[in-house]
Amino acid sequence: MCLRGILYSLVLVLIIVIFYLYEEGAWREIIAFYRHFLSPKRLGEFIASFGPFAAIVFLVVQILQVVAAPIPGEVTGFVGGFLFGKIYG
């Protein structure tokens, strides 16, 4: 019973956040940020900008790609091979 209440509360909070983002116009910024994940060139530049921590950032992006379905796996795989080579990418 308690778990169901928590779930309903989380869904309600999610709906409120979605409406807030839509009302404030922040969804445009979210879509612009999301486009970095759709372009292999931009995603590669983003990951490479972390310098020595690029491998860790790439690992986090790969984990997010599995968890968050909107991030395309083909793009992250291509970027990994391009930045780190065949073996490590």
Side-chain angles (χ1 to χ4, degrees):
M1 182 74 174
C2 183
L3 184 60
R4 184 175 288 176
I6 292 171
L7 183 62
Y8 288 147
S9 298
L10 288 176
V11 168
L12 180 65
V13 168
L14 179 64
I15 291 171
I16 291 171
V17 167
I18 288 172
F19 278 113
Y20 175 76
L21 289 175
Y22 181 76
E23 185 66 29
E24 293 295 316
W27 58 274
R28 289 186 185 107
E29 295 174 18
I30 293 171
I31 290 174
F33 182 72
Y34 176 71
R35 289 191 178 151
H36 282 286
F37 293 108
L38 295 178
S39 169
K41 182 179 178 183
R42 287 183 183 171
L43 183 62
E45 290 172 355
F46 172 73
I47 292 173
S49 70
F50 287 92
F53 300 107
I56 296 170
V57 172
F58 175 70
L59 199 69
V60 170
V61 169
Q62 281 292 85
I63 291 169
L64 287 175
Q65 181 266 323
V66 172
V67 176
I71 301 173
E74 296 82 15
V75 173
T76 57
F78 174 76
V79 168
F82 181 72
L83 288 177
F84 304 111
K86 292 185 219 176
I87 304 297
Y88 296 112

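All values reported here derive from a predicted model rather than from experimental measurement.
Chaining together hydrophobic side chains whose heavy atoms lie under 4.5 Å apart places L12 alongside I16. As a member of the Ile/Leu/Val/Met/Phe/Trp/Tyr network built from side-chain separations under 4.5 Å, L7 groups with nothing else and remains a singleton.
F50 meets the ring pair (Phe, Tyr, Trp, His ring centres under 6.0 Å) test with F46; sequence neighbours excluded.
With values rounded to the nearest 0.5 angstrom, F53 atom CZ is found 14.0 Å from L59 atom CG.
When all heavy atoms are compared, the tightest approach of A48 to A54 is CA-CB, 4.4 Å.
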